[in-house]
Protein chains: 2
Amino acid sequence: MTTAAAPRQLHLGAFLFGVGHHIAAWRHPNVDPAAALRPAHYKQLARIAESGLFDAIFSADTMGLPGTPAEALSRNVPPHQFEPLELLTALAGVTERIGLVGTVSTTYLPPYHLARKVATLDHLSAGRAGWNLVTSGSDPEAQLFGLDQQISHADRYERAREYVDVVKGLWDTFEDQPNLFDKAAGRYFDPAKLHRLAHDGKYFKVHGALQSQRPVQGYPVLVQAGSSEDGQELAAATAELVFTAHQSVESARTFYASLKGRLAAHGRSPDALKILPGVSPVVGRTEAEAQEKYEQLQALIEPSVGLGLLSHFVGGFDFSPYPLDGPVPDLPPTEGWQSRQDLFLKLAREENLTLRQLYQRVATARGHWTVVGTPESVADQLEHWFTTGAADGFNIMAPTLPFDLQDFVDLVIPELQRRGLFRTAYTGHTLREHLGLPRPAHPAQR
Amino acid sequence: MTTAAAPRQLHLGAFLFGVGHHIAAWRHPNVDPAAALRPAHYKQLARIAESGLFDAIFSADTMGLPGTPAEALSRNVPPHQFEPLELLTALAGVTERIGLVGTVSTTYLPPYHLARKVATLDHLSAGRAGWNLVTSGSDPEAQLFGLDQQISHADRYERAREYVDVVKGLWDTFEDQPNLFDKAAGRYFDPAKLHRLAHDGKYFKVHGALQSQRPVQGYPVLVQAGSSEDGQELAAATAELVFTAHQSVESARTFYASLKGRLAAHGRSPDALKILPGVSPVVGRTEAEAQEKYEQLQALIEPSVGLGLLSHFVGGFDFSPYPLDGPVPDLPPTEGWQSRQDLFLKLAREENLTLRQLYQRVATARGHWTVVGTPESVADQLEHWFTTGAADGFNIMAPTLPFDLQDFVDLVIPELQRRGLFRTAYTGHTLREHLGLPRPAHPAQR
């Protein structure tokens, strides 16, 4: 039996981030800055995203506060982030279908704990969990765990790859449907379906069994956001969804082709991995209204806060001696977020930006693409990226929350639906089903 | 102004554990063994416990599956435990007032992660979180984290004490009410109210800041269950609620006096720590009905399962060469759960139990006190312990779930209320308020 292939449609993530991705969001007149501290705010965002039929909510994370001095930090984004998997568990309780992607770093948490946390979220949400694998990228994070500075970029990624093997091994402790529930014989499960892990690797030695049934999705969806060379290699081997930051369609296309092109070497089809660039949409009923919204936010950025944001992403480099309206200085190589540093420098050089212009470009959504316009023009731009080999969808980074997420749902989603580019109802129940990804069988049952 | 002191009342915990604490619970005709795997089951238990006005739900935990061979394990308790803090987050969403105590070991999780998990639960539940500090007690747990065997009992407890200091230091990252929300000046919080931790101790080096407002309760309630000498010293220094296992009122009184007597040396009042022995209630409308319920469960214990349970608690000692109806052999000293091993041996020697009799006694609730009787006689026994210096309340370990928890709520709670021994409505909103414990001020605000 063959059926006509369904038309290719966008996949959309709703990236939750306090009261908005714009660094000055909390100062916007519409925004309640205290909302970033309240669980009810995130429940509201989850409900809005589900009403918009998003594939998933996405919750970012870093460890601790940045190393920024308290004076500068107190002017910056709200200094609060709930533990992502507990937050997503709470959001699972107020939603029915939307996927729930939580960020957990491989660098400072033993893989047993990661495997268990993500498996539990998958069970508690009936198969809606995703794990966004990051490796952490700053010395202040390392210092929370007894180190003076972070381990090298290459080591973090090599270690992460082994980490994924361990986590999958623990998720595979039990085969699917292992239980007999045989009260008469006193046999709860079939002992032949229990597989204890015995992993002795370069970075990890893990022997034992996860006290969990296999996750509902087999493996929760593996997500990654690293776009460096090391990050792309890890993603090609393991990821099913990739978030990435690009300022131009050309850059996004180059990345898309590069990453999709690496899959064959791992025996994977191009469809096995979906690429979602981040985009920060500023939508107005007219172009002028959209532009006014954008400029109102941009005017709220304090220079010290803008420079602090740049500094945070480039290994703590101190920009304060450099004139705001002069060129962006050269930066030393980093062991931190390499792809983000490369993105910033490329942007500055290609467009000959001053330091002030660079932080203004970066401040809307930490270096992600910003689109400003009417619902039609925003949809045009998303469609252009989607149909010309730059994206399988987008991770929506609303500048203010809940306002710009609600506007996207009310104004842009219907336009995408009219064009046949986005679903008009959920057809699946699990995140894998939303993304069109198959459920991995247990190795013993393949 | 003085008011008459409120009469002393019981504090009650509802200890959730799969489909029941009795090792053969899953084989009972009333019990659905698959319920242990379903989130809805735990939501039902939480609602029952809240309808009974319990102070808290209690979720136990160990890491991974026991080292028991698969054949024996497959006959044992359901091999599934959700990650406790995510489970409690889900239960927070279906309850309003009941406290939520989750077990997390200090031995295999960096303190940053613990501090964050528990703080997040406290925020997501509006101040209902408690942390049950355990140190883990078996080699199979250590083997999930790269070790061949666990570190020594004494080292685990010394380490745990430093761990608590680190966790409190991270919870104190911000003072209470640190925020200015000053949009005009661009100042989110008062930088003077940010306190980065700089801890350099024997076991931990932790520098940085938790990205969290101070927990709603200041510190979530600190709970412990270790009753060994090391465990009592740790509890006297840090715990506010202690779970403990005793088979007789005399043993419970000795422990109660010993632990309460240690508090003064730490500058603490006896009221600053509540002691809740575990109790497994088998309640019937008549004594005969209760006895029949009890014997029905006891008859379902397979000898191999009973011996496996004993073995699990005493460092994996192999009882299989010993005759079931002969005496309990001497055991080598353990680096595992010392107080539990001592309890088992004392019980066997004092009552001259055979191996079979010992596992039968232990199988109802892993060594905790079992009471069998009518609502009146069960209440009599609880009241006797409560009024003669053996307990401040009890952790209720229902042999089958939800059935025996529902029976306790329907039959015993009203009897305790008639006697003025238990609340007839919640008066507080946080777990601290239920327990009558003060909210700890921030060190900079004391």
Side-chain angles (χ1 to χ4, degrees), chain A residues 26-27 33-34 37 39 63-65 70-71 73-76 78-83 85-87 89-90 92-94 108-110 112-113 116-117 120-121 123-124 140 143-146 173-174 179 181 183 186-191 194 204-213 300 302 305, chain B residues 26-27 33-34 37 39 63-65 70-71 73-76 78-83 85-87 89-90 92-94 108-110 112-113 116-117 120-121 123-124 140 143-146 173-174 179 181 183 186-191 194 204-213 300 302 305:
Chain A
W26 72 271
R27 299 182 68 194
L37 314 175
M63 303 291 115
L65 290 175
E71 153 65 27
L73 202 62
S74 71
R75 299 178 164 280
N76 209 317
H80 186 87
Q81 278 184 302
F82 294 116
E83 196 284 321
L85 272 69
E86 284 168 70
L87 178 62
T89 297
V94 298
Y108 306 111
L109 185 72
Y112 165 83
H113 291 300
R116 191 175 189 201
K117 277 162 69 122
T120 294
L121 178 62
H123 284 292
L124 294 176
Q143 289 156 10
L144 287 163
F145 300 94
T173 291
F174 286 100
N179 299 306
F181 302 131
K183 289 183 180 184
R187 182 80 69 190
Y188 192 92
F189 66 86
D190 178 352
L194 169 61
F204 300 102
K205 179 176 163 188
V206 180
H207 288 243
L210 193 67
Q211 70 273 53
S212 173
Q213 302 289 292
L300 294 170
E302 295 280 344
V305 173
Chain B
W26 73 270
R27 299 182 68 194
L37 314 174
M63 304 290 114
L65 289 176
E71 154 63 27
L73 202 62
S74 71
R75 299 178 164 280
N76 209 317
H80 186 87
Q81 278 183 302
F82 294 115
E83 196 285 321
L85 272 70
E86 286 168 68
L87 177 62
T89 297
V94 298
Y108 306 112
L109 185 72
Y112 165 84
H113 290 301
R116 189 174 189 202
K117 277 162 71 121
T120 294
L121 179 62
H123 284 291
L124 293 176
Q143 289 156 10
L144 287 163
F145 300 93
T173 291
F174 285 101
N179 299 306
F181 302 131
K183 289 183 179 182
R187 182 82 68 189
Y188 192 92
F189 67 85
D190 178 353
L194 169 62
F204 300 103
K205 179 175 164 188
V206 181
H207 288 242
L210 193 66
Q211 70 275 49
S212 173
Q213 302 289 292
L300 294 170
E302 296 279 346
V305 173

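Proteins come first, then strands; the chains are lettered A, B, ... in the order of their sequence lines, and each starts at number 1.
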Just verifying a value: how many Å separate B/His123 NE2 and A/Leu87 CG, rounded to the nearest 0.5 Å? 12.0 Å

Best-contacting candidate, B/Leu73, B/Val305, B/Asn179, B/Leu210, against chain A by heavy atom pairs under 4.5 angstrom: B/Leu73

Could you tell me whether a side-chain N or O of B/His207 sits under 3.5 Å from a main-chain N or O of A/Gln143, the two making a donor and an acceptor? no

When rounded to the nearest 0.5 Å, the distance separating OG1 of A/Thr89 from CD of B/Glu86 is 4.0 Å

Pairing residues for A/Tyr108 by the ring-ring contact (aromatic ring centres under 6.0 Å, His included) criterion, not counting sequence neighbours: A/Phe145

Which atoms of B/Phe82 come close to chain A, meaning under 4.5 Å heavy atom to heavy atom: side chain ones, backbone ones, both, or neither? both

Kindly say whether A/Arg116 contributes a backbone atom to a donor-acceptor pair with the side chain of B/Glu83 at under 3.5 angstrom? no

Thinking salt bridges, do A/Glu302 and B/Arg187 make one under a 4.0 Å N-O criterion? no

ring-ring contact (aromatic ring centres under 6.0 Å, His included) partners of B/Tyr188, counting only residues at least two apart: A/Trp26, B/Phe181

Quick check on A/Leu300 against chain B: is it the side chain, the backbone, both or neither that has a heavy atom closer than 4.5 Å? neither

Are the side chain of A/Tyr112 and the backbone N or O of B/Gly64 linked by a donor-acceptor pair below 3.5 Å? yes

Contact class of A/Leu144 relative to chain B, heavy atoms under 4.5 angstrom: both

Just so I understand: if I count every heavy-atom pair under 4.5 Å between each of B/Lys117, B/Arg27, B/Gln213 and chain A, which residue has the most? B/Arg27

Side-chain contact, heavy-atom cut-off 4.5 Å: A/Gln81 with B/Ser212? no

Atom group of A/Pro140 that falls short of 4.5 Å from chain B, counting heavy atoms: backbone

Pick one of side chain, backbone, both or neither for B/Leu85, based on which atoms fall under 4.5 Å of a heavy atom in chain A. both

Given the options B/Leu124, B/Val94, B/Leu194, which has more heavy-atom pairs under 4.5 Å with chain A than any of the others? B/Leu124

Closest-packed option against chain A by number of heavy-atom pairs under 4.5 Å, given B/Gly208, B/Ala34, B/Gly93, B/Pro79: B/Pro79

Please report the interatomic distance CE(A/Met63) to NE2(B/His113), rounded to the nearest 0.5 Å. 5.5 Å

Given the options A/Ser74, A/Pro191, A/Ala70, which has more heavy-atom pairs under 4.5 Å with chain B than any of the others? A/Ser74

Looking at A/Ala92, A/Ala209, A/Pro110, A/Ala90, which one has more heavy-atom pairs under 4.5 Å with chain B than the rest? A/Ala209

